[in-house]
Amino acid sequence: MKTLFVGQNSIHVESLDSTNSYASEMMRQIALPEGSLIYSFVQLKGRGQRGNSWESEPNKNVALSLVMRPKFLAVEEQFSLTKIASLAVADLMAEMLGSEEIRIKWPNDIYVKDKKIAGILIENTLKESQIQASVVGIGINVNQAKFTAECATSLLLSAGREFDLLELTGRLCELFEAKYLILRAGKLEAVEAAYLKQLYRIGEWAEYSSKETVFEGKIKGVSKIGKLQVELKLGEIKEFDLKEIRFI
Ligand code: BTN
């Protein structure tokens with residue numbers, strides 16, 4: 001792995017419940033260096049956003065967590081970590097799938113056309129106005145052929161061939177580190193522009209629902225703290241957090 005620190009301390013666990021939970025538990029016991037990688041190809045109780053579970057057939061997919069210490073980021077800027085993680089996974093998918101259409105569905109799902117291929121769960125520990133530690137959990141559907149969720153896909157289903165799980169893990173560390181260094185150098189605007197460029201449905205009218213009401217909206221962007229900015233039919237722009245809006 002050609003990195004300075006991401007993945008250099010690498011912890012492989014044969015089987016576990018959740019790499020994020022495992023990383024958090026380890027952090028309570030020892031001081032893990034920044035960039036520590038915890039990975040397993042047999043994750044039994046993967047956790048997703050909104051309290052959902054993340055399903056994964058044993059030995060078919062990548063599940064990993066990176067322990068980061070972005071003390072240079074103010075708490076209000078923590079969404080930029082979501083952006084770089086999404087961009088790194090999107091870059092990896094583009095490398096593997098070539099010209100296929102890769103999009104980031106807000107806040108951090110990675111889509112190939114209209115199907116989800118990867119998900120991200122970032123869990124931050126805050127101390128006063130700083131991010132003390134951040135567990136960046138990434139799940140990629142790789143060699144799994146069947147899913148219960150209709151809107152899920154994998155690299156296998158998209159490319160028609162199998163991929164090496166360890167190679168993908170290493171390459172993801174490289175791509176993540178490259179983005180992280182850009183963020184650490186303070187280039188927040190470049191990160192923002194790259195994220196918006198790949199944002200699923202940006203500038204398109206589409207259907208959403210909020211509080212059981214279906215409406216048409218057009219994604220305009222994302223606020224500094226990560227809320228989705230949607231233009232409504234009368235021209236008003238409304239901001240939504242994860243619990244407040246659903247894509248239809
Ligand atoms: C989502 O799309 O809802 C987020 C899914 C995140 C899944 C990954 S797999 C590795 C890490 N460990 C977990 O328990 N979850 C994340």
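Remember, it's 1-based here, ligands and their atoms both numbered in the order they're listed.
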Give the ring-plane orientation class for [X] versus [Y], where under 30° counts as parallel, over 60° as perpendicular and anything between as tilted.
X: Y180; Y: F176; answer: parallel
X: W106; Y: F247; answer: parallel
X: Y195; Y: F79; answer: perpendicular

Which protein heavy atom lies closest to [atom], and at what distance to 0.1 Å?
atom: atom 2 (O) of ligand 1; answer: K116 NZ, 2.5 Å
atom: atom 9 (S) of ligand 1; answer: Q43 NE2, 3.3 Å
atom: atom 5 (C) of ligand 1; answer: W54 CE3, 3.5 Å
atom: atom 8 (C) of ligand 1; answer: G139 N, 3.6 Å

Looking only at heavy atoms, what is the nearest atom pair of [X] and [Y], with distance?
X: N143; Y: L156; result: O-CD2, 3.5 Å
X: G170; Y: M1; result: O-CG, 3.7 Å
X: S158; Y: T153; result: OG-OG1, 3.6 Å
X: D17; Y: Q43; result: O-CG, 3.2 Å

request  = Check whether any N or O atom of S65, backbone or side chain, sits under 3.5 Å from an N or O atom of ligand 1, and answer yes or no.
outcome  = no

query = Are K220 and E231 close enough for a salt bridge, meaning some N to O gap below 4.0 Å?
reply =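 So K220 pairs with E231 through a salt bridge.
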
task = Please confirm whether R50 comes under 4.0 Å of ligand 1, counting heavy atoms of the residue only.
result = no

ask   = Would you call D109 a ligand 1 contact, heavy-atom distance under 4.0 Å?
value = yes

Atoms of ligand 1 less than 4.0 Å from [X] heavy atoms?
X: Q49; result: 1 (C), 3 (O), 4 (C)
X: S18; result: 12 (N), 13 (C), 14 (O)
X: G46; result: 14 (O)
X: T19; result: 10 (C), 11 (C), 12 (N)
X: R47; result: 5 (C), 6 (C), 7 (C), 13 (C), 14 (O), 15 (N), 16 (C)
X: G48; result: 1 (C), 3 (O), 4 (C), 5 (C)

request  = Answer yes or no: is there a donor N or O on one side and an acceptor on the other, between the side chain of Q144 and the main chain of K60, under 3.5 Å?
outcome  =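 The answer is no, because no donor-acceptor pair under 3.5 Å joins these two groups.
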
key: N108 and ligand 1 - part of the residue with a heavy-atom distance under 4.0 Å   =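 No part of N108 is near ligand 1 at this cut-off.
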
